[in-house]
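Only one structure is covered here, and it is reproduced in the block below.
Naming convention: chains lettered A, B, ... in sequence-line order (proteins, then strands); numbering from 1 in each chain. No hydrogens, no waters, no symmetry mates; every other heavy atom, side chains included, goes into these values.
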There are 2 protein chains.
Amino acid sequence: MSIIFSKKCEYGLQAVLYLSSITESAVASADEISGKLRIPKEFVSKILQELTESGMVNSKKGKNGGFFLDKPVNQIKLMDIVQAIDGDSIFRTCVLGFPNCSNEAPCPVHETWSKLSKETFDMLNQETLDQFILKTKKKIQSIS
Amino acid sequence: MSIIFSKKCEYGLQAVLYLSSITESAVASADEISGKLRIPKEFVSKILQELTESGMVNSKKGKNGGFFLDKPVNQIKLMDIVQAIDGDSIFRTCVLGFPNCSNEAPCPVHETWSKLSKETFDMLNQETLDQFILKTKKKIQSIS
DNA sequence: TATTAATCGGAATTTTTACTCTGATATGTC
DNA sequence: GACATATCAGAGTAAAAATTCCGATTAATA
């Protein structure tokens, strides 16, 4: 079974996208997020706690509390979340798993993958959350 | 930690590439492959046994035995090995992990990823092992 | 025929990832 | 102040992936 990002990272990305899609500065509880995205509550709660440590997200305890983005949506990129959870190893290592794959010692698909890897990185690193809001809202609506 | 292919799949790809790089119809023991590729012997042995079941590879027991490709190198594609080990779920599921991501209910990066995903698939599915032989030999030499 | 060197099949183990539980603490509201 | 509803921290559990082990079988060769 192949994966691109760990489940943790997937859920983190989805949760942050969710937070970006609700009215600015609004808080959402783990319970709400879990319900809307259909992902395990305790798990997403734990993930958002971790993202709180990395400064992407902030939280408010107690009644009516929850999580909210700690930066303006035009200052957060999907890559920031990936970086915080899974790191960037996927963009630095060989697709085929060969050691020390580089321009000097390339694997058979090194050149092609380098290009695709870069484009994938750009996909996550060029746009900011605000540019996705409309699409995000639609996608989330389609879930429930 | 993100990955593209499971370790099993990575090792499988490497092992099959190795087999394609040695003189046609020559056999290589798990021990030889493990040594050349610096990957765990027992593990690669197990993986090649599985690929034997899928008909990509064949084996010869007993002294001087080992594994060898069961088809001509111009009839094997990297995707065949990926398919046999990891399947093609990576090319069919959402990068962000959203459920039912499709043209009808796309995630924020659906369009971009569709394109990249297809190109990655092509990378593995367009060329056959014979077209990689030179590069494969060089890469394997660079390891030892 | 004994020895040596392989794969084979299946189970066992280890490690990592995914996910849950619990008890503590904070906070808004009646 | 009591209560309900949150996060928080850390431990605990479950499941999956990675890796190893073992005993059986097979085959070349001395």
**Prompt:** Which heavy atom in Ser34(B) sits nearest to a heavy atom in Pro40(B), and how many Å separate them?
**Reply:** OG-C, 4.1 Å
**Message:** For Glu111(A), is the CD atom crowded, meaning more than 12 foreign heavy atoms sit under 6.0 Å from it?
**Reply:** no
Just one of [options] clears the side-chain contact (heavy atoms from CB on, under 4.5 Å) bar with [X], so which one?
| X | options | result |
| --- | --- | --- |
| Ile4(A) | Ile90(B), Leu96(B), Thr93(B) | Ile90(B) |
| Ile76(B) | Leu17(B), Thr128(B), Ile81(B), Asp70(B) | Ile81(B) |
| Phe67(B) | Leu51(B), Val27(B), Leu19(B) | Leu19(B) |

Spacing between [X] atom [atom1] and [N] atom [atom2], to the nearest angstrom:
| X | N | atom1 | atom2 | result |
| --- | --- | --- | --- | --- |
| Asn64(A) | dC30(C) | CG | P | 10 Å |
| Lys63(B) | dT4(C) | NZ | C1' | 5 Å |
| Leu48(B) | dC8(C) | CG | C1' | 13 Å |
| Gln49(B) | dT7(C) | CD | P | 8 Å |

**Item:** Donor-acceptor contact below 3.5 Å, side chain Asn58(A) vs main chain Leu69(A)
**Value:** no
Atom pairs and distances, donor-acceptor, side-chain atoms in residues 99-107 of chain A, under 3.5 Å, two or more places apart:
unit_1	atom_1	unit_2	atom_2	d
Ser102(A)	OG	Glu104(A)	N	3.3
Ser102(A)	OG	Ala105(A)	N	3.1
Asn103(A)	OD1	His110(A)	NE2	3.2

**Prompt:** Earliest and latest nucleotide of DNA chain D, 5' to 3', sitting under 4.0 Å from a non-hydrogen atom of chain B?
**Reply:** dA18(D) to dT29(D)
**Prompt:** Any side-chain heavy atom of Ile85(B) within less than 4.5 Å of one from Phe5(B)?
**Reply:**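 Not touching, per the 4.5 Å side-chain cut-off.
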**Request:** Scan nucleotides 13-25 of chain C nucleotide by nucleotide, 5' to 3', and note B when protein non-hydrogen atoms come under 4.0 Å of the base, S if they reach only the sugar-phosphate, - if neither.
**Result:** ----SSBB----B
